[in-house]
*Asks:* 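Provided herewith is a single structure, encoded as structure tokens, for subsequent inquiry.
What you see is a predicted model; the values in this text were computed from it and never measured. Side chains included, hydrogens not; waters and symmetry mates left out as well; all remaining heavy atoms used.
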Amino acid sequence: MAGSREEAPDYGRGVVIMDDWPGYDLNLFTYPQHYYGDLEYVLIPHGIIVDRIERLAKDIMKDIGYSDIMVLCVLKGGYKFCADLVEHLKNISRNSDRFVSMKVDFIRLKSYKNDQSMGEMQIIGGDDLSTLAGKNVLIVEDVVGTGRTMRALLSSMEKYKPNTIKVASLLVKRTPRSDGFRPDSHMRDQRAR
């Protein structure tokens, strides 16, 4: 509308899907038969996710400056996203004039026991984290919810004195319980559930 000044959403470095977005009609896509009757619409088509992950990889390489990267994948949910992101990072490295060495390690975060917060987060797995000293660390997480767990992880990582720590997340969940944490690179805001 001419002359109308609506407040634009803050896209930052992610794709935002508005709460009133109806999604794409299922007839536009093929999907596994075992989902028939369970799905109402497609919120984000696979191709958009693939393209966005490629863009995240480009942004990460630009931010880190084509330096060697230590990737810490937060399991279990982050595995597929991490594998796709690392593949795009490797492709960028292969097609540049500077080879970027990448090492991938896996960690699990435990902050709950029997649905009760333990108050302290445990990092399970991963090689000796003291080897992160002086390295460029990329933490890859599938969904950032309130942000509390990621802030606790970042606080724990600081004692190992990495050169840089970046966080890439596929999704950031909009929730009233959010503490405002935003990853350095992310896909979009997920509707609060």
Side-chain angles (χ1 to χ4, degrees), residues 6-63 69 71-95 102 104-112 114-115 124-125 138-150 153 166-193:
E6 280 189 39
E7 193 72 26
D10 177 18
Y11 293 102
R13 291 177 69 173
V15 176
V16 175
I17 295 184
M18 305 307 289
D19 287 337
D20 60 352
W21 166 242
Y24 293 96
D25 188 281
L26 291 176
N27 293 322
L28 297 172
F29 303 95
T30 59
Y31 56 96
Q33 189 172 2
H34 62 273
Y35 289 121
Y36 289 10
D38 293 329
L39 299 178
E40 296 176 29
Y41 53 86
V42 173
L43 194 58
I44 309 173
H46 181 258
I48 291 175
I49 293 171
V50 170
D51 287 350
R52 185 62 188 140
I53 292 172
E54 182 177 4
R55 181 59 206 220
L56 290 174
K58 288 178 181 179
D59 289 346
I60 289 164
M61 291 299 256
K62 182 180 174 188
D63 288 350
I69 304 170
V71 178
L72 283 181
C73 176
V74 179
L75 295 175
K76 296 183 181 178
Y79 173 75
K80 176 69 171 132
F81 169 52
C82 184
D84 291 346
L85 182 61
V86 167
E87 190 58 37
H88 284 292
L89 290 167
K90 286 180 179 179
N91 286 338
I92 293 169
S93 173
R94 275 194 283 276
N95 293 310
M102 271 175 271
V104 179
D105 203 354
F106 300 91
I107 60 173
R108 289 186 67 188
L109 305 177
K110 186 174 182 180
S111 57
Y112 290 88
N114 298 330
D115 295 336
I124 301 166
L138 175 64
I139 298 171
V140 180
E141 170 72 291
D142 62 340
V143 179
V144 171
T146 64
R148 287 187 205 82
T149 301
M150 190 53 63
L153 175 60
K166 298 284 185 181
V167 177
S169 175
L170 181 61
L171 303 171
V172 176
K173 189 176 197 176
R174 274 195 318 261
T175 173
R177 298 183 336 215
S178 173
D179 68 1
F181 176 82
R182 289 288 176 264
D184 301 292
S185 302
H186 62 279
M187 166 100 181
R188 70 168 181 95
D189 287 341
Q190 179 179 351
R191 297 176 189 207
R193 299 265 179 231

*Asks:* State, yes or no, whether a side-chain contact exists between L43 and I17 at a heavy-atom distance under 4.5 Å.
*Replies:* yes
*Asks:* For the CD1 atom of I139 and the OG atom of S169, what is their distance to the nearest 0.5 Å?
*Replies:* 11.5 Å
*Asks:* Would you say I60 and I92 make side-chain contact, with heavy atoms under 4.5 Å?
*Replies:* no
*Asks:* Quick check: do D84 and V50 have side-chain heavy atoms less than 4.5 Å from each other?
*Replies:* no
*Asks:* Got a second to check how far Y41's OH is from L26's CG, nearest 0.5 Å?
*Replies:* 10.0 Å
*Asks:* Please report the interatomic distance CE(M102) to CD(E87), rounded to the nearest 0.5 Å.
*Replies:* 9.0 Å
*Asks:* Check whether any side-chain heavy atom of L138 sits under 4.5 Å from a side-chain heavy atom of L85, and report yes or no.
*Replies:* yes
*Asks:* Please work out which of the three classes, parallel, tilted or perpendicular, describes the rings of F106 and Y79, given edges at 30° and 60°.
*Replies:* tilted
*Asks:* Begin with the C-alpha distance, continue with both residues' side-chain angles, and end with the deciding distance and a verdict on side-chain contact (heavy atoms from CB on, under 4.5 Å) for L153 and L72.
*Replies:* CA-CA 11 Å; L153 175 60; L72 283 181; 6.0 Å; no
*Asks:* So how far is it from L89 CG to I69 CD1, rounded to the nearest 0.5 Å?
*Replies:* 5.0 Å
*Asks:* Measure the spacing between NE2 of H46 and CG of D51 and express it to the nearest 0.5 Å.
*Replies:* 10.0 Å
*Asks:* Can you tell me how far the NZ atom of K58 sits from the CG atom of N91, to the nearest 0.5 Å?
*Replies:* 10.5 Å
*Asks:* Would you check if I49 and F81 make a side-chain contact, meaning some heavy-atom pair closer than 4.5 Å?
*Replies:* no
*Asks:* Counting only heavy atoms not in Y36, do more than 12 fall under 6.0 Å of its OH?
*Replies:* yes
*Asks:* Does a side-chain heavy-atom distance below 4.5 Å link D142 with V74?
*Replies:* no
*Asks:* Using side-chain heavy atoms (C-beta onward) and a distance below 4.5 Å, is E141 in contact with T149?
*Replies:* no
*Asks:* Would you say the side chain of F29 lies within less than 4.5 Å of the side chain of L39, judging by non-hydrogen atoms?
*Replies:* no
